[in-house]
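First up is the structure itself, then whatever we jot down about it.
None of the values given here were measured: they were computed from a predicted structure. The first residue in the sequence is number 1, and the count goes up from there.
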Amino acid sequence: MLQISVLRDQTELVLAGLAKKHYATAEADVAAILDLDQRRRSLQTTHDASQAEANELARQIGGLMKSGDKAGAETLKVRTAELKQHTQAAATELAQVEEEQQQLLYKLPNLPHASVPEGRAATDNEVVREHGTKPALGPDAQPHWELIKKYDIIDFELGNKITGAGFPVYKNQGARLQRALINFFLDQARNAGYTEMQPPILVNEASGYGTGQLPDKDGQMYHDAKDNLYLIPTAEVPLTNIYRDEIVPLDKLPVRMAGYTPCFRREAGSWGADVRGLNRLHQFDKVEIVQITEPDQSYDALEAMLAHVEGLLQQLNLPYRVLRLCGGDMSFTAALTYDLEVWSAAQGRWLEVSSVSNFETYQANRLKCRYRADGGKTQLLHTLNGSALALPRIVAALLENNQTSNGIELPQVLHSYCGFERIV
């Protein structure tokens, strides 16, 4: 959530940033928020003045009663009663204005970093670099949705029977590969200095608002209305919310956490090759890394997180590219995002497997996640997260890129984790 002081003091900068994200109603919404802020401050002044006068009169009434001037005390009590009514009315209106302002602030996306390129869609994203050599497959190469049937490692029809489309059943070597990748990713994160966590996969409404999934992504999340709990779309939500309403001591910064969870997303929409097989699921596994840092260290942390994810892809021998997302393709909450895509040889296209983002103070402002700077004043921290990694498209690329006539050869780094070297 953007800070009201930034909207007030840097209005033109805010409008320019919202325009870069192609937020259509920026001028009207910012103007409405600032109007409400003026009302809020005026009401707060009225409320505080009435309260201060009432407190002073209470002191005077005590003195008059001690001196025996009951008539004078009764006169002041009448005024005190009037002030109490004024204070209560101002407090009620103030609460209404604050709630209205809060709801409008929730609608505003984060401002993009200065390095974010202009653009409206994925085609406008900037390719930062490519790494690795795309494998040349023979004419008999198959996409992963055919390979999983051939080797009987993932069953979509069985998942459809049990639950519905987008909930596959992993079995045999497919199930073992899933477990191997999760353990490999967690071990790599732990070796990089991240504390391993195992958070809940259901979160309350406050957690959803804290990291910005609510209200923006309300329709894309699975919701249990009876208990008002949400299945998480990513471990970012519970991990970051560990520090909601916290003042983090300087000697505990930066916070580095990693967690494996299943993730749940409605992902309603298109059909076709882009969403076949493992390309788009309602439930999938992912290891997430999260950092919480002092503001002047967050972009160094972002580059370190990006390097960590690239290292995973290099160890898996997967050709990949790094993209800097344009303003129109960025998430609602991010200030700067790098996407990492792996090359899917049988499909002949790039598949997104990770987003690594800096949210600056946007989430921290919602979370009230702060630190005490020199001088004792609390300030907002910066939050960051990244997929390290999401499994489905990693598995798709591993199957397609490594298919041979004798089975699917797995990267050496996974051999000890899987207990086998190839899928047969």
Take atom CD of Glu27 as the centre, draw a 6.0 Å sphere, and report whether it contains more than 12 heavy atoms from other residues, nucleotides or ligands. no

Tell me the closest heavy-atom pair linking Thr293 and Pro254, and the distance in Å. CG2-CB, 3.9 Å

Indicate whether any N or O donor in one side chain lies under 3.5 Å from an N or O acceptor in the other, for Thr261 and Lys286. no

Are any of the side-chain heavy atoms of Leu214 and Glu205 separated by less than 4.5 Å? yes

Side-chain heavy-atom pair Phe156, Leu278 within 4.5 angstrom cut-off: yes

Tell me, please, which residues at least two apart from Glu126 pass salt bridge (charged side-chain N to carboxylate O under 4.0 Å, His left out). Arg324

Between Pro117 and Leu325, which heavy-atom pair has the shortest distance, and what is it? CD-O, 3.4 Å

Just checking, any donor-acceptor pair under 3.5 angstrom between side chains of Gln363 and Glu236? yes

Examine the side chains of Asp285 and Gln178 and answer whether a donor and an acceptor come within less than 3.5 Å of each other. yes

Is a side-chain donor-acceptor pair under 3.5 Å present for Gln347 with Asn279? yes

Residues two or more places apart in sequence or in another chain: which of them pass salt bridge (charged side-chain N to carboxylate O under 4.0 Å, His left out) with Glu303? none

Are Glu400 and His144 close enough, and set up right, to give a side chain to side chain donor-acceptor pair (under 3.5 Å), and what steps lead you there? CA-CA 6 Å; Glu400 293 180 6; His144 71 272; 2.8 Å; yes

Pairing donors with acceptors under 3.5 angstrom, does anything connect the side chains of Glu99 and Gln103? yes

Would you say the side-chain atoms of Tyr260 and Glu288 include a donor-acceptor pair closer than 3.5 Å? no

Going by distance alone, is a donor N or O of one side chain under 3.5 Å from an acceptor N or O of the other, for Asp339 and Ser355? yes

Heavy-atom distance under 4.5 Å between the side chains of Glu341 and Tyr320, does that happen here? no

CZ of Arg120: more than 12 outside heavy atoms within 6.0 angstrom? no

Aromatic ring pairing Tyr106/Tyr209, orientation class (parallel under 30°, perpendicular over 60°, tilted between): tilted

With a cut-off of 6.0 Å (strictly less than), are more than 12 heavy atoms of other residues, nucleotides or ligands near NZ of Lys149? no

Should we say atom NZ of Lys134 is surrounded by more than 12 heavy atoms from elsewhere, each under 6.0 Å from it? yes

Measuring from Arg256:CZ to Met305:CE, what's the distance to the nearest 0.5 Å? 10.0 Å

So, are Arg39 and Glu93 salt-bridged, with charged N and O less than 4.0 Å apart? yes

So that I can tick it off, tell me whether Glu310 and Arg321 are bridged by a salt bridge, with the cut-off set at under 4.0 angstrom between side-chain N and carboxylate O. no

State, without any angle test, whether Gln315 and Gln188 hold a side-chain donor-acceptor pair at a distance under 3.5 Å. yes

Just verifying a value: how many Å separate Asp29 CG and Tyr23 OH, rounded to the nearest 0.5 Å? 3.5 Å

Just by distance, no angles: are the side chains of Glu360 and Tyr299 close enough, under 3.5 Å, to form a donor-acceptor pair? yes

Output for pair (Thr46 OG1, Arg41 CZ), nearest 0.5 Å, gives 13.0 Å

Is it the case that Arg266 places NZ or CZ above or below the six-membered ring of Tyr222, under 6.0 angstrom from the centre and within 45 degrees of the axis? yes

Rounded to the nearest 0.5 Å, how far does CG of Asp35 lie from CG of Asp37? 9.5 Å

Check the side chains of His223 and Asn228 for a donor-acceptor pair under 3.5 angstrom, ignoring hydrogens and angles. yes

Kindly check if the number of other-residue, nucleotide or ligand heavy atoms within 6.0 Å of CG (Asp374) is above 12? no

Without hydrogens or angle criteria, can the side chains of Ser207 and Asn204 be said to hold a donor-acceptor pair below 3.5 Å? yes

Would you name the heavy atoms of His22 and Gly119 that are closest together and state the gap between them? NE2-O, 2.9 Å

Testing the 3.5 Å rule here: is there a donor-acceptor pair between the side chains of Glu56 and Gln60? yes

